[in-house]
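In what follows, a structure is listed as structure tokens, so that the remarks can point back to it.
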Amino acid sequence: MSLLEITGSLNMIGYAIATIAPALGVAWIFASVINGTARQPEARGAMMSTAFIGFAVVEALAIIAIALAFVL
Amino acid sequence: MSLLEITGSLNMIGYAIATIAPALGVAWIFASVINGTARQPEARGAMMSTAFIGFAVVEALAIIAIALAFVL
Amino acid sequence: MSLLEITGSLNMIGYAIATIAPALGVAWIFASVINGTARQPEARGAMMSTAFIGFAVVEALAIIAIALAFVL
Amino acid sequence: MSLLEITGSLNMIGYAIATIAPALGVAWIFASVINGTARQPEARGAMMSTAFIGFAVVEALAIIAIALAFVL
Amino acid sequence: MSLLEITGSLNMIGYAIATIAPALGVAWIFASVINGTARQPEARGAMMSTAFIGFAVVEALAIIAIALAFVL
């Protein structure tokens with residue numbers, strides 16, 4: 001007797017893999033801001049504006065993966 | 001005799017992989033706050049506000065995975 | 001003769017993978033508190049409150065995996 | 001009875017793998033800018049222009065992957 | 001009933017793996033330029049010309065992968 005009930009989509013696994021690097025990358029960027037704030041608190045404004053640019057371009061790769069998971 | 005009873009969904013594995021990086025990333029952010037607090041306790045407020053922004057955008061990738069696990 | 005008796009669910013493997021990063025992440029957070037306490041013992045209260053916030057949001061990802069293992 | 005419902009595309013997994021390194025790389029570049037800003041805030045302009053060149057050539061590899069996911 | 005709808009090309013996965021090292025490598029090169037600029041801003045011109053040579057030879061490996069994904 002063979003009962004093989006596996007459902008699901010490879011696209012879900014694809015989205016999951018696509019979150020690995022953006023999540024670590026965005027965390028890296030904000031951890032750098034936090035470390036930089038601990039070292040030099042008055043430069044926090046300049047660091048935050050840099051962080052938001054970096055956050056946008058890195059997070060975009062994961063957001064694109066959501067769209068691709070539906071159309072592929 | 002072949003008894004092969006494997007059930008389950010690939011989406012569960014997808015969600016599991018999708019938790020790896022957000023969990024490590026959020027932990028990285030809060031560990032940076034804790035290290036920063038140990039080095040410079042008076043900057044904790046500025047670091048916590050940065051950490052919550054970072055936490056929100058990183059954790060969102062895992063929360064989106066929950067939704068995708070149902071619709072894919 | 002081929003005897004293939006494999007039973008089980010892919011969801012169990014999914015939960016197992018979903019514990020990797022939250023476990024490491026929560027350990028990272030509390031290890032940072034311990035290191036910070038060794039460096040600056042009087043800041044332990046502030047660090048512990050930060051750690052509990054981080055612990056809650058990281059551990060939640062693993063707790064959600066328990067629920068998803070049943071419904072998926 | 002064998003219920004095997006797996007859908008999806010290998011190209012989604014390919015895009016997912018292709019985001020790993022660009023996302024980490026762009027995060028690396030911007031984290032370097034943030035660390036450099038914390039160390040020497042007046043050099044932020046020169047660092048940002050370098051970062052945007054690096055960001056463009058690294059992110060391009062992930063953007064190309066989007067196109068390839070459709071045509072392959 | 002067996003519904004196994006997996007499409008896609010192994011070449012896409014090949015291109016994806018081929019981006020990992022070039023993307024990280026180019027990011028490494030530009031992060032070094034940024035770190036070097038933070039430490040010694042007047043040497044930025046010499047560092048940038050070195051970085052562009054390194055960028056060209058490293059990125060070429062990923063660009064070649066695009067061509068190979070079509071002809072293989």
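A note on names: the letters A, B, ... follow the listed sequences, proteins ahead of strands, and every chain is numbered from 1. On a predicted model such as this, the values are computed, not experimentally measured, just so you know.
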*Look only at the side chain of Asn11(A) and the backbone of Met12(D), and say whether a donor-acceptor pair between them is shorter than 3.5 Å.*
no
*Nearest 0.5 Å, what's the CD1-OG1 distance between Ile20(D) and Thr19(A)?*
9.5 Å
*Taking Thr50(A), Asn35(A), Val33(A), Thr37(A) one by one, which has the highest count of heavy-atom pairs under 4.5 Å against chain D?*
Thr50(A)
*For the residue pair Ala31(D) and Ser32(A), what are the closest heavy atoms and their distance?*
CB-OG, 3.3 Å
*Quick one: CD1 on Ile13(D) to CD1 on Ile13(A), what's the gap to the nearest 0.5 Å?*
6.0 Å
*asked:* Only heavy atoms, only distances under 4.5 angstrom. Which residues in residues 64-72 of chain D are near chain A?
replied: Ile66(D), Ala69(D), Phe70(D)
_Counting heavy-atom pairs under 4.5 Å with chain D, which one of Ala46(A), Ala43(A), Gly36(A) comes out on top?_
Ala46(A)
*Using a cut-off of under 4.5 Å on heavy-atom pairs, state which of Gly14(D), Pro41(D), Ala23(D), Ala51(D) scores highest against chain A.*
Ala23(D)
*Please determine, by modelled atom types, if Ser49(A) and Arg44(D) share a side-chain donor-acceptor pair under 3.5 angstrom.*
yes
*Measure Met48(D) against the heavy atoms of chain A and call it side chain, backbone, both or neither at under 4.5 Å.*
side chain
_So for Ile29(A), is it side chain, backbone, both, or neither that comes closer than 4.5 Å to the heavy atoms of chain D?_
both
*Passes side-chain contact (heavy atoms from CB on, under 4.5 Å), Leu61(A) versus Glu59(D)? Steps please.*
CA-CA 9 Å; Leu61(A) 291 174; Glu59(D) 189 100 350; 3.8 Å; yes
*Any chance you could lay out the side-chain contact (heavy atoms from CB on, under 4.5 Å) test for Val58(A) and Phe30(D), step after step, and finish with the verdict?*
CA-CA 10 Å; Val58(A) 172; Phe30(D) 280 99; 5.6 Å; no
_Only pairs of heavy atoms separated by less than 4.5 Å count here; which of Val26(D), Leu10(D), Ile6(D) has the most with chain A?_
Ile6(D)
*Non-hydrogen atoms of Trp28(A) and Leu24(D) that approach each other most closely*: CZ3-O, 3.9 Å
